[in-house]
Each structure stands twice: as C-alpha cells, then as structure tokens.
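Atoms within each ligand, like the ligands themselves, are counted from 1 in listed order. Note that this is a predicted model, so its numbers are computed, not measured.
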Amino acid sequence: MKFDTKVIHAGVKPDPSTGAIMTPIFQTSTYVQASPGDHKGYQYARSRNPTRTALEQNLAALENGFDAVCFSSGLAALDAILKMLKPGDEVISTNDLYGGSFRLMSQVFQKYGIEFKFIDLQDVENIAKHINSKTKMIWVETPTNPMLNIIDIKAVVEQSNENILVCVDNTFASPYLQQPLSLGADLVMHSATKYLGGHSDVIHGAVVAKTKEIADQLHFIQNAAGAVPGPQDCFLVLRGIKTLHLRVQRACENAFEIAKFLKTHPKVSKVYYPGLESHKNHHVAKRQMNGFGGMVSFDLHENTFDAAKKVLSSAQYFSLAESLGGVESLFGHPATMTHGSIPKEERLKVGITDSLIRLSVGVEDINDLIEDLDKALA
Ligand SMILES: *Cc1c(COP(=O)(O)O)cnc(C)c1O
C-alpha cells in the first residue's frame, strides 16, 4: 500500500457485526468472557481496546514500524519511552527541544537518576564526544521548535551503536513528510494532538516501534502505568489521519508562499523555514523530508515585545494560541508562550527574541493568509 492509501485503509476494516465503514468507538471498560479465559482477545480496556488497536495498526503502517502504542498525550508517550531506562542510564538530547519534553526530562526523570545531556545535534561530530558505556538513548527532535533547525537523522544513527536507542519526535514533520524508522531510528514519537489529529480537538500521543522487542516493552508500560487514551480520542485521531496527506500538502504549499512573502517584507528581519535555500540545513531537509512542513518562524527589525504584540493582535485569520498542526492558521509567541520559562539570556542564545513570531500555517486560501499577514505587519 502507498502512503496515501495507508492513511485511509491501514488497520481499518468495516465492523463485522454491522458493516459500519467507520471504526466504532468501543466505549466500554470490560469485555464478557464465555468461561474463564475464553475471550476474543480483549479483557479490560486499560490493556486493550478495539478502537485503539485500529489506530495503533494504522500508525505502525504509516511509520513503517512493527507496532504502535497509543497514550493519552504526547508527553505521556515520552514518559513511557523514558520508563524503558533505569537509574544510571544516560540520554543525549537535542538542546533545542519542545519545552514540555525538556521539563519532563530535567525535572522528573533526572530525579530518578537518569542523566540527560542537552547538546546541539545539528553538529553531528559533537555526538561522539558525549557517548560512553552508560549512553542508552539519543533523543532527536527535527524540525525543532521554534527555530526550525534540521537534524540529520541518518547521520545521528551512524554515530550511535547497538546499545543505544535512537528516538525521533516526529510531531512537526508528521509521517507524511518524514519517516525516521526508514532512516535507521528505533522509535518514533508523536504528539497526535498536532498534525495527526489535525483539527485542534483532541490531546493524544503515540510511539511507533521498529521491533517487536521494543513494542512489547512499551505495551507492558502502557498497561502497567495506564496513561491510555479514551476510545473517542482514538477515533478522532483515526479520522484526522484519513486526510493527513491532503492537509499537510496544502500546509506545505501555503507555508512556502508565506516564507517567500515574509522574506521580501520590509518589516521582517529574518525568516526561518527549511524550504528556503538560505536555511542552514536546507540540503539535509531536502534529503530526509518529502516537503518542508507547515511551520514558519520570523523576526522583526523592530526587535521589541511591543512590536510583536501589535502584529499578534492585528490578524483576522491567524489566531494567537498554543499548539500547531490544525487546519486553521495560528500565531505563536515563543518568548511568552512555549519558551516563557527559559531565562532570557538562554533564549536569546538560540534566537528566541522578544519579537520572534511562530506560524502554524493552516489550509485556508493562500491569498487570504498573505493579505492577513500583510495587514497585521502594517
Ligand atoms: C505538543 C508537542 C509535544 C507534547 O505533546 P502533548 O500532546 O501536548 O502532550 C511534544 N513534542 C512536540 C514537538 C510537540 O509539539
């Protein structure tokens, strides 16, 4: 099956009892057994639920993995992955990563004796210096938030060894644009809240594992710790995925036009978009992605919070809100929103100024979006 067919058909079959073409929402906590041990593979809904199983099989197909394991949020998915480690283990991670992932690593798991080294993974040569016998995981996020840096997944895999799990947070790209397991990674994590769900109506997370061994460990943790999604949320993600390719394709087209428009705008000082030839790792993005994504960040010549505030409150279609990957276009202000808890000096070092604006470009008409931005900038 090709990707555009998988989004609609993989893991999904008409319901055998009624013929319903849509996967039913199995809103049940338990399943009746005819006699002890005589059941249909489902005993209790924390352990397994048919709506969740359909979604897990669909996600495994999209990422070319052995199996997928679903969770109640993206961070619950990361939490389950980190629970595969033990005290004394070390993790090498991107220094420029989603704030919630950084918080979970540095403020929760560090307490339990797992060590994290946050380094610049754009510089692949940097990795070897930090690997030792305790290194058990490399955590990659690409493209990064909000600077849209690109990390070379294949080059990271080449630096690792058989004791190390390479994990990729694939939320920003979605499996339509990037399939890390095919580039040699062992695990892929998603905040399905974003592009997979795609309609800003659900919080959900998933991990796709390359091997049965990893999938078994994660299913064990899923059942043992219990951060499972409800069946309605699984249904919403399954339904969102059916149009993933169409939505992401349009978002990419719109984002590219917007990046070009911003690049020539007199009030804009910098544009960060992996599709522009001026982007530092454009050549890597071109090799490992099938498109450059729907996220664009830009900075203003007038380098103040006030200048950004004026733009952020003057648009009609770009709403100021956390999150990304929905059909509607959003503004984000990293300095006060996603990266508000990072000290200013640290923020400035990576380019997160008070005037940096992040766009999650939606699937509206491109002329309306450009007109909206032009007005807001004016
Ligand atoms: C949103 C996000 C997460 C966290 O996912 P939740 O579903 O909000 O828990 C992790 N990584 C990235 C890149 C994200 O954008």
- Given side-chain contact (heavy atoms from CB on, under 4.5 Å), test Y31 with N49 step by step and report yes or no. CA-CA 10 Å; Y31 310 86; N49 176 289; 3.7 Å; yes
Inset, instruction - Give the C-alpha distance, both sets of side-chain angles, the deciding distance and a yes or no for side-chain contact (heavy atoms from CB on, under 4.5 Å) between I127 and V156. - result: CA-CA 8 Å; I127 301 174; V156 171; 3.9 Å; yes
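Defined by atom type and a distance below 3.5 Å, a donor-acceptor pair is missing between the side-chain atoms of Q122 and D96.
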Output, or 'none' if empty, a list of ligand 1-protein atom pairs in which both atoms are N or O and the distance is under 3.5 Å, rounded to 0.1 Å.
residue	atom	partner	partner atom	Å
ligand 1	5 (O)	S191	OG	3.0
ligand 1	7 (O)	G74	N	2.9
ligand 1	7 (O)	S191	OG	2.8
ligand 1	7 (O)	T193	OG1	2.7
ligand 1	9 (O)	G74	N	3.0
ligand 1	9 (O)	L75	N	2.9
ligand 1	11 (N)	D169	OD2	2.7
ligand 1	15 (O)	K194	NZ	2.8

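Within the structure, ring-ring contact (aromatic ring centres under 6.0 Å, His included) pairs that include any residue of residues 100-123 comprise F102-F118 (at least two apart or interchain).
F3 has its side chain out of reach of N290: every pair of non-hydrogen atoms, C-beta onward, lies at least 4.5 Å apart.
A side-chain donor-acceptor contact under 3.5 Å links T28 to the backbone of T30.
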